[in-house]
Amino acid sequence: MLKKERYQHFVEYFSKNQPDAVTELHYNSPYQLLVAVILSAQCTDKRINQITPALFERFPDAESLAASNADEIFPYIRSVSYPNNKAKHLAGMGKMLVEQFNSVVPSSIDQLQKMPGVGRKTANVIASVIYDAPAMAVDTHVFRVANRIGLTNNARTPLAVEKELVKYLPNEVLAIAHHWLILHGRYICVARSPKCNICPLTWFCRYYERANTETALLKAEAEKARKAKDAAKKKKLNVMVKELNRRSVDKDI
């Protein structure tokens with residue numbers, strides 16, 4: 001199947017079945033989403049949603065976050081991954097957001113990446129979710145699913161995956177396609193044991209095709225080995241029968 005066809009099938013399926021896919025992070029403002037995405041690095045959205053209500057109550061806006069420090073922030077995020085580093089990042093981000101951006105979360109990916117704790121993935125999330133920009137954030141789910149389905153070919157880095165997805169996906173679906181890939185990877189195309197038995201994309205999925213081809217080949221090889229073994233046993237049995245018959249004839253003589 002041509003790559004162009006795979007992209008077409010991918011967009012057609014999700015446009016019909018998940019037309020309103022959104023982030024699972026809870027937020028009420030661009031500032032809150034920025035904080036939540038910074039915290040979500042190498043951590044689950046479920047965990048982030050558990051700790052952000054208290055965090056946002058204490059630091060409801062950029063000004064309150066800017067007036068704090070890492071020691072004040074840490075107790076609210078101690079249960080997330082790398083809380084020490086993230087506390088420092090949030091404190092620095094709050095100050096820069098107030099001092100350099102007048103407390104307004106910027107829409108530019110380059111400007112977003114200037115802030116502590118904001119890498120390319122986080123910047124792309126903010127640009128696409130808040131500003132509906134044609135940006136593609138690549139996390140572990142997006143990276144895995146895009147490669148498995150066959151939307152990318154041997155893309156070995158998040159940036160390589162991002163470039164291919166941006167190249168082939170229509171601009172108008174780039175922002176939501178990020179959520180399609182994440183949700184599919186989170187609930188169906190999981191890392192260790194993908195749930196191919198309930199996946200609606202198997203008919204054009206390169207991973208499924210390869211896995212089933214390999215399974216079929218292994219079964220064929222096993223069947224061939226079984227038949228060869230049976231043939232060898234039958235041949236050996238025939239030799240034994242002939243030998244017994246010969247001895248019987250000799251005895252009669």
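Taking a 6.0 Å sphere around CD of Glu12, one finds it holds more than 12 heavy atoms contributed by other residues, nucleotides or ligands. No more than 12 heavy-atom neighbours from other residues, nucleotides or ligands sit within 6.0 angstrom of NZ on Lys163.
Residues Tyr207 and Thr202 are not in side-chain contact: their nearest non-hydrogen atoms beyond the backbone lie 4.5 Å or more apart. Phe10 is listed as a side-chain neighbour of Leu181, based on a closest heavy-atom distance under 4.5 Å. For the pair Lys195 and Asn197, the minimum side-chain heavy-atom distance is below 4.5 Å. In this structure, the side chains of His184 and Pro200 come closer than 4.5 Å at one or more pairs of heavy atoms. Counting heavy atoms from C-beta outward, Tyr27 and Val35 have side chains that stay 4.5 Å or more apart. Within the 4.5 Å cutoff, no side-chain heavy atoms of Pro116 are placed close to those of Lys88. Looking at Glu172 and Val11, their side chains never come closer than 4.5 Å, going by heavy atoms from C-beta outward. Side-chain contact check for Leu65 versus Tyr31: some heavy-atom pair is nearer than 4.5 Å.
Taking the six-membered ring for Trp and the full ring otherwise, the centers of Tyr76 and Phe59 sit less than 6.0 Å from each other.
Counting all heavy atoms, side chain and backbone alike, Cys43 lies closest to Ile48 at SG-CD1, 4.0 Å. Taking all atoms of both residues into account, the shortest heavy-atom contact from Thr122 to Gly117 is OG1-O, 4.3 Å. Closest approach of His26 and Phe56 over heavy atoms only: O-CE1, 4.2 Å. The nearest pair of heavy atoms linking Ile73 to Ala91 is CD1-N, 3.7 Å. Pairing each heavy atom of Gly185 with each of Val145, the nearest pair is CA-CG2, 3.4 Å. Residues Gln113 and Ala123 approach most closely at CG-CB, 3.8 Å, considering heavy atoms.
The side chain to side chain contact (heavy atoms under 4.5 Å, CB included) test applied to Ala160 returns Ala155, Thr157, not counting sequence neighbours. Under the side chain to side chain contact (heavy atoms under 4.5 Å, CB included) criterion, Glu24 pairs with Asp45, Leu183, Arg186, Tyr187, sequence neighbours left out. Residues satisfying the side chain to side chain contact (heavy atoms under 4.5 Å, CB included) test with Pro60, not counting sequence neighbours, are Ser64. With sequence neighbours left out, Glu72 forms a side chain to side chain donor-acceptor pair (under 3.5 Å) with Arg58, Asn69. Take Ser15 and apply the side chain to side chain donor-acceptor pair (under 3.5 Å) test, not counting sequence neighbours, and it matches no residue.
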Assess the residue pair Ile182 and His178 against the criterion (side-chain contact (heavy atoms from CB on, under 4.5 Å)); give the C-alpha distance rounded to whole Å, side-chain angles, the decisive distance to 0.1 Å, and a yes or no.
CA-CA 6 Å; Ile182 283 182; His178 161 73; 3.1 Å; yes
Should Leu2 and Gln8 be marked as a side-chain contact (heavy atoms from CB on, under 4.5 Å) after you check the CA-CA gap, both sets of side-chain angles, and the distance that decides it?
CA-CA 10 Å; Leu2 297 176; Gln8 181 180 345; over 6 Å; no
Take Cys196 and Arg148, measure what side-chain contact (heavy atoms from CB on, under 4.5 Å) needs, and give me the verdict at the end.
CA-CA 11 Å; Cys196 296; Arg148 279 183 177 172; over 6 Å; no
Run the side chain to side chain donor-acceptor pair (under 3.5 Å) check on Ser103 and Glu63 step by step: do they pass?
CA-CA 7 Å; Ser103 301; Glu63 288 78 13; 2.5 Å; yes
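Using a cut-off of 4.0 Å between Lys/Arg side-chain N and Asp/Glu carboxylate O, Glu209 and Arg6 are scored as salt-bridged.
With hydrogens and angles ignored, the 3.5 Å screen pairs no side-chain donor or acceptor of Lys4 with any backbone N or O of Tyr168. Trp180 contributes no side-chain N or O that, together with a main-chain N or O of Ala21, makes up a donor-acceptor pair within less than 3.5 Å.
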Going by atom type alone, with no hydrogens or angles, which donor-acceptor pairs under 3.5 Å involve a side-chain atom of residues 126-140 and a protein atom two or more places apart or on another chain?
| unit_1 | atom_1 | unit_2 | atom_2 | d |
| --- | --- | --- | --- | --- |
| Ser128 | OG | Asn124 | O | 2.9 |
| Ser128 | OG | Val125 | O | 3.1 |
| Tyr131 | OH | Val105 | O | 2.3 |
| Asp139 | OD1 | His141 | N | 3.1 |
| Asp139 | OD1 | Val142 | N | 2.9 |

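Residues Leu112 and Leu174 are members of separate hydrophobic clusters, defined by side-chain heavy-atom contacts under 4.5 angstrom among Ile, Leu, Val, Met, Phe, Trp and Tyr. Cluster annotation: Ile51 and Phe74 are assigned to distinct hydrophobic clusters (Ile/Leu/Val/Met/Phe/Trp/Tyr, side-chain heavy-atom contacts under 4.5 Å, transitive). In terms of hydrophobic clustering, with Ile, Leu, Val, Met, Phe, Trp and Tyr side chains grouped at heavy-atom distances under 4.5 Å, Met93 and Val98 are assigned to different clusters. The hydrophobic cluster containing Phe14 also contains Val173, counting ILVMFWY residues as joined when their side-chain heavy atoms lie under 4.5 angstrom apart, directly or transitively. Hydrophobic clustering keeps Tyr208 apart from Ile188 (ILVMFWY residues linked when any side-chain heavy atoms are closer than 4.5 Å, directly or through intermediates).
Remark: Glu164 CD to Asn147 CG distance equals 8.0 Å, nearest 0.5 Å. To the nearest 0.5 Å, the span separating NZ on Lys86 from CZ on Arg78 amounts to 15.0 Å. With rounding to the nearest 0.5 Å, the separation of SG in Cys205 from CZ in Arg210 is 8.5 Å. Considering CG of Leu151 and NE2 of His9, their distance stands at 11.5 Å, rounded to 0.5 Å. Atom CZ of Phe101 is separated from atom NZ of Lys114 by 6.0 Å, given to the nearest 0.5 angstrom. Note that the CD atom of Glu162 and the CZ atom of Phe143 stand 12.5 Å from one another [nearest 0.5 Å].
When Leu34, Leu90, Ile38 are each tested for a side chain to side chain contact (heavy atoms under 4.5 Å, CB included) with Met115, only one passes: Leu34.
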